[in-house]
Peer 1: 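For reference, the structure I am asking about is given below.
The analysis underlying the following values was restricted to heavy atoms, covering all of them including side chains, and did not include hydrogens, waters or symmetry mates. Whatever order the structure lists ligands and atoms in, that order sets their numbers, starting from 1.
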Amino acid sequence: MEHRALVRLAAPAVAALIALTAGCTGGTVQGRPGASGLRDPYFPKAGNGGYQVDHYALDLDYDPADGRLDGTAVITARAEQGLSSFNLDLSGLTVESVTVQGEPARHNRAGNELTVRPAADLKKGEVFRVEVDYGGKPKAIVDADSSKEGWITTPGGAVGVGEPVGSMAWFPGNHHPSDKATYDITLTVPHGYEAVSNGELRSRTETGDGRTEFAWHNPEPMASYLATAVVGPYKVTTAKTPSGVPVYNAVSPGEAAASAGALARLPEIVDWGSGRFGPYPFGTTGAIVLPKGTLTYALETQTRPVFSGAPAEEDLVVHELAHQWFGDSVSPKSWKDMWLNEGFATYAEWLWAEDHGGVGAQKRFEAFLAGDTSVDDDADSDWDAFPPAAPPGPEHISGNPVYYRGAMVLHRIRQEVGDAKFFDLLRGWAVDHRHGNASTAEFTAYAEKRTGHDLKKVWDVWLYGEGRPR
Ligand code: ARG
Ligand code: ZN
């Protein structure tokens, strides 16, 4: 293209020519904007198109006294198309500056979308580094089902949790489970506080200005909703599971006595999971017990689930640890696939009971069908209200049918194929999709292939069918 020729053209014609050139290789303008959402069926604006993140390095400075967070996020990503601009998801907080490849980049905010316009377009396949400096008082996000996530303050501290869309309240990112990345989360807090996150504590350093820096390293891929940051007065204990996985527990002092029983079983539960579902997928494990009432749920944050107050029974510890295989290592492709998390984690509780002299899966299955859900403390009569693979809206992705009817889908498979093939399927699924993402369609195809059974009826009636299955 002869650029000199352009001067004689009228402005609209110039714009048209530039648009034409944009698609061509060798032109000066190569990129187009990345999509502002991944069109998830339940959260269409979650995540962003045009790139995939490899790594997040989050440097977060938090002061419990005034609730202020000052953060630097260094995101290493790969362009999947030529990009003239791309989006990150961020809710609240003030963006102070953004650079791409070390060069200042223009940026603007609209709702939960931060649009970044690099000085030069990014080429398809290019690995690029984005640095966002930001800060403010992060807030809680009220979820579609009216539960809270995001950033929640606790007496003398705070916790960041993300399922499903809360992580954008405390760091900018590609916040959809389909884009997994590795993380280094460094938390700097006033001296005397503990700061806990995912993975391995690489270092704990007194900075000399009255603060302590905790560097957490999470080398396995993680969906951003599984990231956590916890600050406060916690009691830390460390141990090893019998097979040698390092355990790091942080317990709110007021909950220490009540947590002791359930946490004492944690090492054994992790190793039991390895026996049932294949090797534990991460390098570290543990638990974080928040002050009672911080959240209305426990969450399977990667390597180190959070509990809101002491876990009432070991069942809940089993549930959150089973998620490490199902949800954390094998993550859903979209929020529609939640039953692959919750159905499996619930079924793991039933299996744990079965293996430890409790009420087993067959009994529970029969009792549920007979209208008696008292065999499972948390279950409710609405376990059959909708098909687990098709929740009727975003407020239902953590609804009872996703958990209980989801678990019953697995039990129906077991009834069809027998124990040997069923347990081979559970393990095969976790091993073959380790550290990846999977959809419901991939599971149903895999189950039929692995077991050699036609399971269409189970899918039609139990997974997708309306009304009470029978
Ligand atoms: N995934 C969590 C658990 O099973 C529950 C999260 C509930 N979140 C919600 N928004 N209702 O263990
Ligand atoms: Zn769960």
Side-chain angles (χ1 to χ4, degrees), residues 40 42-43 46 91 139-152 159-169 175-177 198 222-228 262 266 269 273 277 287-290 293-332 334-352 376-380 382-383 385-386 388 391-410 430:
D40 182 275
Y42 295 85
F43 300 94
S91 174
K139 291 199 179 72
I141 286 180
V142 181
D143 200 13
D145 71 0
S146 78
S147 58
K148 280 186 188 165
E149 69 235 25
W151 193 261
I152 291 146
V159 54
V161 283
E163 190 182 41
V165 291
S167 294
M168 64 180 173
H175 291 309
H176 188 266
N198 314 87
M222 176 163 80
S224 77
Y225 78 93
L226 297 167
T228 192
L266 183 142
I269 294 169
F277 315 131
I288 300 165
V289 181
L290 305 169
T294 304
L295 304 170
T296 52
Y297 51 84
L299 188 64
E300 63 268 26
T301 41
Q302 191 154 306
T303 68
R304 194 159 291 113
V306 295
F307 298 91
S308 183
E313 320 105 21
E314 69 192 30
D315 270 29
L316 187 59
V317 181
V318 172
H319 181 102
E320 304 310 333
L321 290 175
H323 271 310
Q324 303 303 313
W325 285 262
F326 305 112
D328 295 16
S329 171
V330 186
S331 304
S334 88
W335 289 113
K336 198 170 185 171
D337 303 310
M338 263 292 252
W339 82 279
L340 292 174
N341 291 10
E342 303 304 348
F344 283 63
T346 301
Y347 201 73
E349 293 177 60
W350 296 10
L351 284 178
W352 169 266
D376 196 305
D377 307 325
D378 313 304
D380 232 316
D382 67 349
W383 65 265
F386 59 78
E395 69 278 30
H396 294 291
I397 62 163
S398 295
N400 280 328
V402 174
Y403 287 68
Y404 302 102
R405 190 164 154 181
M408 291 167 85
V409 170
L410 293 178

Peer 1: Restricting to N, O or S atoms of E342, which is nearest to the Zn ion (ligand 2)?
Peer 2: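 Output for this pair reads OE1.
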Peer 1: Please classify the A345 to ligand 1 contact at 4.0 Å (heavy-atom distances, strictly less than): side chain, backbone, both or neither.
Peer 2: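 Near ligand 1, A345 shows nothing, with every heavy atom at 4.0 Å or more.
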Peer 1: To the nearest 0.1 Å, how far is atom 9 (C) of ligand 1 from its closest protein heavy atom, and which atom is that?
Peer 2: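 Nearest neighbour among protein heavy atoms for atom 9 (C) of ligand 1, to 0.1 Å: S147 OG, 3.3 Å.
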Peer 1: Using the Zn ion (ligand 2) as the vertex, how large is the angle between NE2 of H319 and NE2 of H323, rounded to 10 degrees?
Peer 2: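 The two atoms subtend 100° at the Zn ion (ligand 2).
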Peer 1: For a side chain to side chain contact (heavy atoms under 4.5 Å, CB included) with M408, tell me which candidate from W350, Y403, Y347 qualifies.
Peer 2: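 Per the side chain to side chain contact (heavy atoms under 4.5 Å, CB included) rule, the option paired with M408 is W350, out of W350, Y403, Y347.
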Peer 1: When you measure from atom 5 (C) of ligand 1 to every protein heavy atom, which one gives the shortest distance, and what is it?
Peer 2: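 Among all protein heavy atoms, the one nearest atom 5 (C) of ligand 1 is Y403 OH, 3.3 Å.
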Peer 1: Could you check which of K148, M338, E320 puts a non-hydrogen atom nearest to atom 12 (O) of ligand 1?
Peer 2: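 Answer by nearest heavy atom: E320.
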Peer 1: Say whether, by atom type as modelled, one donor and one acceptor occur between the side chain of Y42 and the main chain of P391 under 3.5 angstrom.
Peer 2: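 Indeed, once roles are kept as given, a pair shorter than 3.5 Å links the two residues.
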Peer 1: Ligand 1 versus D145, non-hydrogen atoms closer than 4.0 Å: side chain, backbone, both, neither?
Peer 2: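 Looking at D145 and ligand 1, just side chain atoms fall under 4.0 Å.
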Peer 1: Return yes or no for this condition: an N or O of Y297 is under 3.5 Å from an N or O of ligand 1.
Peer 2: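 It does not: no N or O of Y297 is found under 3.5 Å from an N or O of ligand 1.
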Peer 1: Using a 4.0 Å cutoff against the non-hydrogen atoms of E163, which atoms of ligand 1 qualify?
Peer 2: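 Counting atoms of ligand 1 from 1, those under 4.0 Å from E163 are 1 (N), 2 (C), 5 (C), 6 (C).
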Peer 1: Could you tell me whether the side chain of S167 and the main chain of S224 form a donor-acceptor pair under 3.5 Å?
Peer 2: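 Yes; at least one donor-acceptor contact below 3.5 Å.
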Peer 1: Return yes if some donor-acceptor pair links the side-chain N/O of N198 with the main-chain N/O of R304 below 3.5 Å, else return no.
Peer 2: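 Pair absent, no side-chain N/O of N198 close to backbone of R304.
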